[in-house]
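One structure is given here, and the rest of the page talks about it.
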Amino acid sequence: MRLVIYTGKGGTGKTVSACSTALKLSGLKSRTLLISADPAHTLGDALMAGEIGGKPTRISADLYAAQVDPVVEMDLHFKTIFSYFASYFQSKGMDDTISYELAMLPGMTQLLCLLKIEESVRSREYDAIILDMPASGEALRFLYFPKIVGSLSMKLSGLAGLVSGFGRLFQPYFSGSAPSTDLMKTEADLLLRLEKLSKLIFDPNITSLRLVANADSFSMENAKRTLMSANLYGINVDMIIINKIMPQIHSEDSFLVNWADFQHARVIEAKSNFYPLPVKEVPLYSEELRGIEMLKRNAEILFGDQDPSQIFYREKVFEFKGDSLGLTLKVKVPFAKNSDFLVERISDRITIKVNTNIGYVVNVVPLPAITLGMKLKAARLTDKELVVSFESNRN
């Protein structure tokens, strides 16, 4: 069983990357489910397969697709919890329509999408699941959420002794009625599912996160921060995909030439910044990338004769180790020469300048939130690895 998750900034090409991967896998006779939680419902448009709903729709012999609708999923599986929150808001004098809108708590789309994965794995009908994650900087937090809840539920004397997780959690703020038996049963089921989901997401032999970016500074920095967060949380990242790369052209039109040169410089930079992760390059097509045949062509550019379900990388690019004194960050560095490097901290990031076999390489590395209360203590360069130490200001 393989779970491959695609995420990145909006507009970078997550959906077409996920569709291409699913088509390639199904072509290899791997029974594949493609799931999207994009609120724009772009899955049907990308595949040109008409309306795709929450239940798996057969696209080809071994490919199925589902579009998660959070409202429908909530009504089908968690209506008791949904109604509980809605009734609270109604008791405060809010309009019924607004109450139900507020009951759809922030992040519910991501959470219900993840639960769709757990449901699909439980069915044992698929060899691989490909997830098109919503464009959100919070996406990784919701990938980590099942682990938090799963751990908490086990600490609360087991599910048999758990008295209304959500209800008790919000009871100090809610003056409404006490949680019902049905609500407690629904919550117990939810916690069990989250615990199972956690084991899937954090198993590097099952789950890979793939980051999608364009050849521009904004989406590259977003991908870099997502990579740092994934490594911090313990979610395996095995690939970077850079989409919509303009071809290098010889033209008198300086506008096009400048853009092409800029993008190719960003791609070269990415190969150093994301080292040693494999970086896949996808060109900007001369027409809109949609439809089965074009997506299959895109899959060949992405993977060639490789199996998309293979694990392309297993280690961490950023490693964190904390204790009472501070935090140590290890960053993999390509082709480092001796100890010729410079590390500078600016707010929530550090700038690393390293002399390599291809000249000086500059990488801006985002830092986890915990380092905001720490100061940069020391840095040393080992064999292809930079070790940076942070010291707590309380020491």
### Message
Under a 4.0 Å threshold between the charged nitrogen and the carboxylate oxygen, would K271 count as salt-bridged to E281?
### Response
yes

### Query
Does any non-hydrogen side-chain atom of I35 lie less than 4.5 Å from one of D132?
no

### Task
Taking the side chain as every heavy atom from C-beta outward, state whether Y64 and I59 have any atom pair closer than 4.5 Å.
no

### Query
Going by distance alone, is a donor N or O of one side chain under 3.5 Å from an acceptor N or O of the other, for D62 and S26?
no

### Query
Would E269 and R266 pass as an ion pair if we require N to O under 4.0 Å?
yes

#### Entry: Side-chain touch D307/L25, heavy atoms, less than 4.5 angstrom
yes

### Message
Side chains of K280 and Q306 only: does a donor on one sit below 3.5 Å from an acceptor on the other?
### Response
yes

### Query
Got a sec: does the NZ of K332 have more than 12 other heavy atoms crowding it under 6.0 Å?
yes

### Query
With no hydrogens and no angle check, is any side-chain donor or acceptor of T32 less than 3.5 Å from a backbone partner on A128?
no

### Message
Between N298 and Y285, do the side chains contain a donor N or O and an acceptor N or O under 3.5 Å apart?
### Response
yes

### Task
Using the ring of Y126 (Phe, Tyr or Trp, six-membered ring only), decide whether R124 places NZ or CZ under 6.0 Å from its centre and within 45 degrees of its axis.
no

### E221 with K224: basic N within carboxylate O range, under 4.0 Å
yes

### Query
Which atoms form the tightest heavy-atom contact between I130 and A18, and what is the distance?
CG2-O, 3.6 Å

### Query
Around L342, counting heavy atoms of other residues, nucleotides and ligands shown, do more than 12 lie under 6.0 Å from its CG?
yes

#### Entry: Residues D216, K9: salt bridge by 4.0 Å N-O rule
no

### Task
Indicate yes or no: at least one non-hydrogen side-chain atom of L367 is less than 4.5 angstrom from one of I350.
yes

### Query
Counting heavy atoms not belonging to F262, are there more than 12 under 6.0 Å from its CZ?
yes

### Query
Quick one: does L34's side chain get under 4.5 Å of C19's, heavy atoms only?
yes

### Query
With the threshold set at 4.0 Å, does a side-chain nitrogen-carboxylate oxygen contact exist between R2 and D127?
no

### Query
Between V317 and P276, what is the shortest heavy-atom contact and its length?
CG2-CD, 4.1 Å

#### Entry: Ring geometry between F320 and F318 (parallel below 30°, tilted from 30 to 60°, perpendicular above 60°)
tilted

### Task
Show the numbers, then the answer: is there a salt bridge (charged side-chain N to carboxylate O under 4.0 Å, His left out) between R122 and E119?
CA-CA 5 Å; R122 188 159 25 97; E119 175 187 314; 5.4 Å; no

#### Entry: Gap between atom CG of L131 and atom CD1 of I117 - 0.5 Å precision
4.5 Å

### Query
With a cut-off of 6.0 Å (strictly less than), are more than 12 heavy atoms of other residues, nucleotides or ligands near CZ of R31?
yes

### Task
Show the numbers, then the answer: is there a side-chain hydrogen bond (donor to acceptor under 3.5 Å, both in side chains) between Y313 and S208?
CA-CA 9 Å; Y313 187 74; S208 292; over 6 Å; no

### Task
Taking atom NZ of K377 as the centre, report whether more than 12 heavy atoms of other residues, nucleotides or ligands fall under 6.0 Å from it.
no

### Message
Just so I know, are the side chains of L302 and I241 near enough to count as touching, which here means a heavy-atom distance under 4.5 Å?
### Response
yes

### Message
Using only atom types and a distance under 3.5 Å, with no angle test, would you say the side chain of T12 pairs donor to acceptor with the backbone of G8?
### Response
no

### Message
Does this structure show an ion pair linking E300 with K296, if we count only N-O contacts that are shorter than 4.0 Å?
### Response
no

### Task
May I ask you to decide if P366's main-chain N or O and R225's side chain share a donor-acceptor pair within less than 3.5 Å?
no

### Message
Keeping T371 on the side-chain end and P368 on the backbone end, is there a donor-acceptor pair under 3.5 Å?
### Response
yes

